[in-house]
Amino acid sequence: MPIRLRDREYWNPYLVGVALGLVVLLAFLLTGKGIGASGAMARLTAWGTHLVAPGWTEANGNFKWFFHDHAHPLDYWLVYLLVGTAIGGLVSGILGGRNRTEVLRGPRAGRGLRLGLAFAGGILAGVGARLARGCTSGQGIVGGGLMSVGAWIFLMAVFAGGFAMAWFVRRQWT
Amino acid sequence: MTTGPLHLQDLIGMPLGALVFVAVGFLFGFLLERGGFGDGRNIVAVLYLRDFRVPKVMFSAILTLMAGAYLLGALRVLDLTAIDTPHTWLLPQLVGGLVFGFGFVIGGYCPGTAVVSAVNRKLDGLAYLAGLVVGIAGFAVAYDPLADFYNSTARGAMTFPGWLGVNPGWVLLAAALFAFLFFGFGNRMEAYWARKAAASADPEPAAKPATPEEPRP
């Protein structure tokens, strides 16, 4: 299978998975750290609440660690990683001809329904990722690959929760 | 003597050190988009048993990482004790995973894929990210009453080899078996939907069965 950068077809999923695993191994070798997305989103959120309510944010039990020793919440490896993730995704999308304004949804769903459910789903994912201390990248791929028991519990619970809720939102997707 | 990790970010210092992480993130984001995960329809399709890209990518990545870390550790190229294994909190991760899973199928993304979707001007990805920020802020607001549960059932750096007292090779083998069974099931389901699509696209279907064929996992 040829690998082309200007490719309108997606790549073979096994190939993408193996490449992702190699990227994490490379990150381990170079930096001693893996990957993760929700941690950076939490720091962005705390940075935002700090603009509005600095005292509250620095005293909050969940956010105060981001400001420990007068640290800037965005001066952290996960945030730099997220910047790279955005750039990499953008470059791939442009090369693949997939960068255009649209609302991706199933054949039976309207734009309003899709946007509302995307927002609602984001809220739940934010709560879940904070409670589990990570999301599908940091917990799922890195923790799963390092054979962490909690990471596998999280991963299995994500699929269980997804399957349990799938029927109720089928109009959005099928 | 082991050679890795190099801690390159400390060797070259800031701000260049940040670029190492930007570069790793670039590869991560590029691969997520190439895998089809800038489009939530490709992500949730596994929950309707239609398209198994998500488990194929996830489990291939996990197996590669497991085997690679094991190999590099055995060859003493990488000092695995210098890598932080995500710690375990049994109940918070179980409940957090379920809630995250609800959000996954309702919203169509996970945090990393939503970023890749939003930068390619998918408004649903952007709406998901807005919700994510609200959810994270909401969790912080509700943190005090939740703190006891959040910190409950802590097990530290609990891994399967340590917990079961077995060689990591056995865990790798078990994970590979699990993944290959899942891949096999996924391929059969994908073939079923492809046949169904071909049958409905055919203008003169030859001897269509009276009742639609049920999926046989």
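Numbers restart at 1 for each chain; the letters A, B, ... are given by sequence-line order, proteins then strands.
- Here CZ of Phe21(B) is found 12.5 Å from OG1 of Thr85(A). Values are rounded to the nearest 0.5 Å.
- For the pair Leu104(A)/Arg41(B), a side-chain contact is recorded, criterion being any heavy-atom separation below 4.5 Å from C-beta on.
- Of all heavy-atom pairs between Thr88(B) and Gly150(A), the closest is OG1-N, 2.8 Å.
- With a 4.5 Å cut-off on non-hydrogen atoms, Asn151(B) touches chain A through its backbone and its side chain both.
- For the options Asn99(A), Ile35(A), Val16(A), heavy-atom pairs under 4.5 Å to chain B are most numerous at Asn99(A).
- Taking the six-membered ring where tryptophan is involved, the planes of Phe59(B) and Trp152(A) are essentially parallel, since the angle between them stays under 30° and well short of 60°.
- Only the side chain of Val44(B) comes within less than 4.5 Å of a heavy atom of chain A; its backbone N, CA, C and O stay farther away.
- Taking CG of Leu146(A) as the reference point, atom OG1 of Thr85(B) lies at 5.0 Å (rounded to 0.5 Å).
- The minimum heavy-atom distance linking Arg53(B) with Trp11(A) is given by the pair NH1-O, 3.3 Å.
- With a 4.5 Å cut-off on non-hydrogen atoms, Tyr109(B) touches chain A through its side chain but not through its backbone.
- If you measure heavy-atom distances from Val141(B) to chain A, the contacts under 4.5 Å come from both the backbone and the side chain.
- Taking chain B as the reference chain and counting heavy-atom pairs below 4.5 Å, the highest number among Trp56(A), Phe163(A), Phe159(A) is found for Phe163(A).
- Ranked by heavy-atom pairs under 4.5 Å with chain B, the first of Gln139(A), Met165(A), Met156(A), Gln172(A) is Met165(A).
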### Message
Working note: Leu65(B) + Leu25(A), criterion side chain to side chain contact (heavy atoms under 4.5 Å, CB included); need CA distance, chi angles, decisive distance, verdict.
### Response
CA-CA 6 Å; Leu65(B) 186 54; Leu25(A) 282 173; 3.8 Å; yes
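- Neither the backbone nor the side chain of Tyr70(B) comes within contact range of chain A, judged by heavy atoms closer than 4.5 Å.
- When heavy atoms are compared at a cutoff of 4.5 Å, Tyr143(B) approaches chain A solely by way of its side chain, counted from C-beta outward.
- By the 4.5 Å heavy-atom criterion applied to side chains, Val105(B) and Phe168(A) are not counted as neighbours.
- The two residues Ala118(A) and Asp124(B) have their closest heavy-atom pair at CB-O, 3.3 Å.
- Only the side chain of Val20(B) comes within contact range of chain A, with heavy atoms under 4.5 Å apart.
- In this structure, the portion of Asn42(B) lying under 4.5 Å from any heavy atom of chain A is its side chain and not its backbone.
- Neither the backbone nor the side chain of Ala147(B) comes within contact range of chain A; no heavy atoms are under 4.5 Å apart.
- Counting heavy atoms from C-beta on, the side chains of Leu44(A) and Val133(B) never come closer than 4.5 Å.
- Options Gln9(B), Glu33(B), Met14(B) differ in how many heavy-atom pairs under 4.5 Å they form with chain A, and the most are formed by Glu33(B).
- In plain terms, the two heavy atoms of Arg114(A) and Gly108(B) that are nearest each other are NH2-CA, 4.2 Å.
- Using a 4.5 Å cut-off between heavy atoms, Pro161(B) touches chain A through its side chain atoms alone.
- With rounding to the nearest 0.5 angstrom, the CG atom of Leu27(B) is 10.0 Å from the CG atom of Leu81(A).
- Contact between Val24(B) and Ala27(A) at its shortest, heavy atoms only, is CG1-CB, 3.9 Å.
- Proximity to chain A involves both the backbone and the side chain of Ala130(B), based on heavy atoms less than 4.5 angstrom apart.
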### Task
Mind running side chain to side chain contact (heavy atoms under 4.5 Å, CB included) on Trp89(B) and Arg133(A) for me, showing each step along the way?
CA-CA 9 Å; Trp89(B) 285 264; Arg133(A) 295 169 167 87; 3.1 Å; yes
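- The most heavy-atom pairs under 4.5 Å with chain A, out of Leu19(B), Ile83(B), Leu8(B), Val115(B), come from Ile83(B).
- In terms of heavy-atom pairs under 4.5 angstrom with chain A, the leader among Met66(B), Arg34(B), Gln93(B) is Arg34(B).
- Two residues are said to be in side-chain contact when any heavy atoms from C-beta on lie closer than 4.5 Å; Cys135(A) and Cys110(B) fail this criterion.
- With ring centers used as reference points, Phe154(A) lies under 6.0 Å from Phe100(B).
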### Task
Give the intermediate values and the outcome of side chain to side chain contact (heavy atoms under 4.5 Å, CB included) for residues Leu155(A) and Met58(B).
CA-CA 10 Å; Leu155(A) 207 49; Met58(B) 280 218 76; 3.8 Å; yes
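- For the options Gly143(A), Ala37(A), Gly61(A), Gly134(A), heavy-atom pairs under 4.5 Å to chain B are most numerous at Gly61(A).
- When the candidates Leu26(A), Thr45(A), Val24(A) are compared by the number of heavy-atom contacts under 4.5 Å with chain B, Thr45(A) comes out ahead.
- Of the atoms belonging to Trp77(A), heavy atoms from both backbone and side chain fall under 4.5 Å from chain B.
- Taking chain B as the reference chain and counting heavy-atom pairs below 4.5 Å, the highest number among Phe63(A), Tyr76(A), Phe28(A), Trp167(A) is found for Phe28(A).
- With hydrogens and angles disregarded, no donor-acceptor distance shorter than 3.5 Å links the side chain of Arg98(A) to the backbone of Gly36(B).
- For Arg50(B), the part lying under 4.5 angstrom from a heavy atom of chain A is the side chain only.
- Residues Thr159(B) and Val149(A) are not in side-chain contact: their nearest non-hydrogen atoms beyond the backbone lie 4.5 Å or more apart.
- Remark: Arg43(A) CZ to Ile136(B) CD1 distance equals 12.0 Å, nearest 0.5 Å.
- The distance from atom CZ of Phe139(B) to atom CD1 of Ile123(A), rounded to the nearest 0.5 Å, is 15.0 Å.
- Taking CZ of Phe37(B) as the start and OG of Ser92(A) as the end, the distance is 12.0 Å to the nearest 0.5 Å.
- Looking at every heavy atom in both residues, Val119(B) comes nearest to Ala86(A) through CG2-O, 3.6 Å.
- Side chains of Phe102(B) and Val127(A) form no contact here, defined as non-hydrogen atoms less than 4.5 Å apart.
- Heavy atoms of Leu63(B) lying under 4.5 Å from chain A are absent altogether.
- For Leu49(B), the part lying near chain A is the side chain, with the backbone staying farther off; criterion is any non-hydrogen pair under 4.5 Å.
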